[in-house]
Enquirer: 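Just dropping this structure here.
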Amino acid sequence: MIPFSNLQAQNQPLREELLNAVASVLDSGQFILGKHVRQFEASFAEYCGVKHAFAVNSGTSALHLALLAAGVEPGDEVVTVPFTFAATVAAIYYCGARPVFVDIEPRSFHMDPAALAAAITPRTRAILPVHLFGQAANMDAILAIARPLGIAVIEDAAQAHGASFGPQALRVGGIGDLGCFSFYPTKNLGACGEGGMVTTNSDELAGKVSLFRDWGQDRKYHHAVRGFNYRMEGLQGALLSVKLPHIETWTLARRAIAARYDSLFDAADPEGILRPWVRPGAGNRHVYHTYTIRTPRRDELHQYLTEAGTGSAIHYPRPLHLQPAYADAAFPEGSMPVAEAAAREVLSLPIYAEMDPASVDVVVSQVSDWSLNHLIT
Ligand SMILES: *Cc1c(COP(=O)(O)O)cnc(C)c1O
């Protein structure tokens, strides 16, 4: 049996440190924000190479706060992609704004800059690209469109902690105007519960994020704006501070697992299987939140692996413009052909820092066997 992911394998070696962190929060009585969260914010800001980081209670809250800080209001349009987790689009609706979907690039699965350029209107208030699967979207092309128009760019970096982009190898979260991270347990940096972060280099945007996060209070019991309760808990801050120093080791391990998959797939070259594409360029670093392959008979392969005892997952089976919840955005079937095809064909294989390299060999043999016996016949 090869699981899709294994949280215990990560937490077990840190068990004592994590329990000590819990005790430290208990003893301090600082359960909401407080010193443990402040320390985690400072370390995470440094890790991302950004000036400000605000810890919140989920990645979804981070997206909502970033959109609010960017001034997104009812009636505004926010350009984003339909091939992402629902939170990206839900946060736009939380602001009373309308998502304007644009299609993705076929190999990266990221926002297609040409489609973005065509979708801008006078009501476009923000652009929300997603660094899907662990590598950065084409931020140069996106910023080249946004900057001259003064439109805010918000990075959904929920799957890409530590990924970098461009010749300067800028870390995600500090490339656009605001960055949003999730610490959902299975993300590359996972809390023991819910958590998220908003990052920015702008003092002005930082002030707004901080205001909206804590009831819109500019001082106690004085509510300058209609804010939210999106504060991170002290426990999560303390637990995440234990884990953050390990993220580089875990990222390198994920990259090693991905490299092993790549070389085995290149050698076996199974018919009808496309391995993940990596954006070329020295400063671009993929952190492999997922190792997502593509094949036209995906559902059959998914079932075959399940029966063979190997975990795999579909990220994501139905693009958001075709979800009943978001049908009012009025993008009919066929309007996002690249995203629609991706949703039919993608399959994520097991990858996590502690994964045994021998398991990678097993998964690749299973995929290759399936391809030989089931695809060509
Ligand atoms: C996980 C995720 C989110 C939401 O984060 P939560 O912490 O679960 O609220 C947003 N966007 C993307 C792309 C994600 O993968």
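All heavy atoms count here, side chains included; hydrogens, waters and symmetry mates do not. Atoms within each ligand, like the ligands themselves, are counted from 1 in listed order. None of the values given here were measured: they were computed from a predicted structure.
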Enquirer: Considering non-hydrogen atoms of the protein only, which is the closest contact for atom 9 (O) of ligand 1, and what is the distance?
Expert: Thr60 OG1, 2.5 Å
Enquirer: Check this for me: Tyr184, atom OH, are more than 12 non-hydrogen atoms of other residues, nucleotides or ligands nearer than 6.0 Å?
Expert: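 Open: at most 12 neighbouring heavy atoms sit under 6.0 Å from OH of Tyr184.
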Enquirer: Are Thr290 and His315 close enough that a side-chain donor and a side-chain acceptor fall under 3.5 Å?
Expert: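 There is no such pair (donor and acceptor under 3.5 Å, judged by atom type) between the side chains of Thr290 and His315.
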Enquirer: Please identify which atoms of ligand 1 are closer than 4.0 Å to at least one heavy atom of Thr84.
Expert: 13 (C)
Enquirer: Tell me the closest heavy-atom pair linking Gly176 and Leu143, and the distance in Å.
Expert: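 Reported closest heavy-atom pair: CA-CD2, 4.3 Å.
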Enquirer: For Asp156, is at least one N or O under 3.5 Å away from an N or O on ligand 1?
Expert: yes
Enquirer: For Gln159 and ligand 1, does the shortest N/O to N/O distance drop below 3.5 Å?
Expert: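 For ligand 1, there is an N or O atom that lies under 3.5 Å from one belonging to Gln159.
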Enquirer: Considering only the protein, which heavy-atom contact is closest to atom 2 (C) of ligand 1, and what is its distance?
Expert: Lys187 NZ, 2.6 Å
Enquirer: Hey, is ligand 1 close enough to Gly59 that some N/O pair sits below 3.5 Å?
Expert: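 Min N/O separation from ligand 1 is below 3.5 Å for Gly59.
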Enquirer: If the cut-off is 4.0 Å to any non-hydrogen atom of Thr88, which atoms of ligand 1 fall inside it?
Expert: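 Near Thr88, meaning under 4.0 Å from one of its heavy atoms, ligand 1 has 11 (N).
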Enquirer: Are side-chain N/O atoms of His321 and Glu333 paired as donor and acceptor at under 3.5 Å?
Expert: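 Their side chains do not contain a donor-acceptor pair, so the 3.5 Å distance test is not met.
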Enquirer: Give the atoms of ligand 1, by number and element, whose distance to some non-hydrogen atom of Ala87 is under 4.0 Å.
Expert: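 Counting from 1, the qualifying ligand atoms are 3 (C), 4 (C), 10 (C).
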Enquirer: Do you know which two heavy atoms are closest between Thr199 and Gly173, and how far apart they sit?
Expert: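 Between these two residues, the closest heavy atoms are OG1-O, 2.8 Å.
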Enquirer: Please identify which atoms of ligand 1 are closer than 4.0 Å to at least one heavy atom of Ser58.
Expert: 7 (O), 9 (O)
Enquirer: Determine whether the side chain, the backbone, both or neither of Ala158 has a heavy atom under 4.0 Å from any heavy atom of ligand 1.
Expert: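 Contact part for Ala158 vs ligand 1: side chain (C-beta onward).
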Enquirer: Just checking, any donor-acceptor pair under 3.5 angstrom between side chains of His223 and Asp218?
Expert: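 The answer is no; no qualifying pair exists.
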Enquirer: On the ring face of Tyr47, is Arg171 found with NZ or CZ under 6.0 Å from the centre and within 45° of the axis?
Expert: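 Relative to the ring axis of Tyr47, which defines the angle, Arg171 lies inside both limits.
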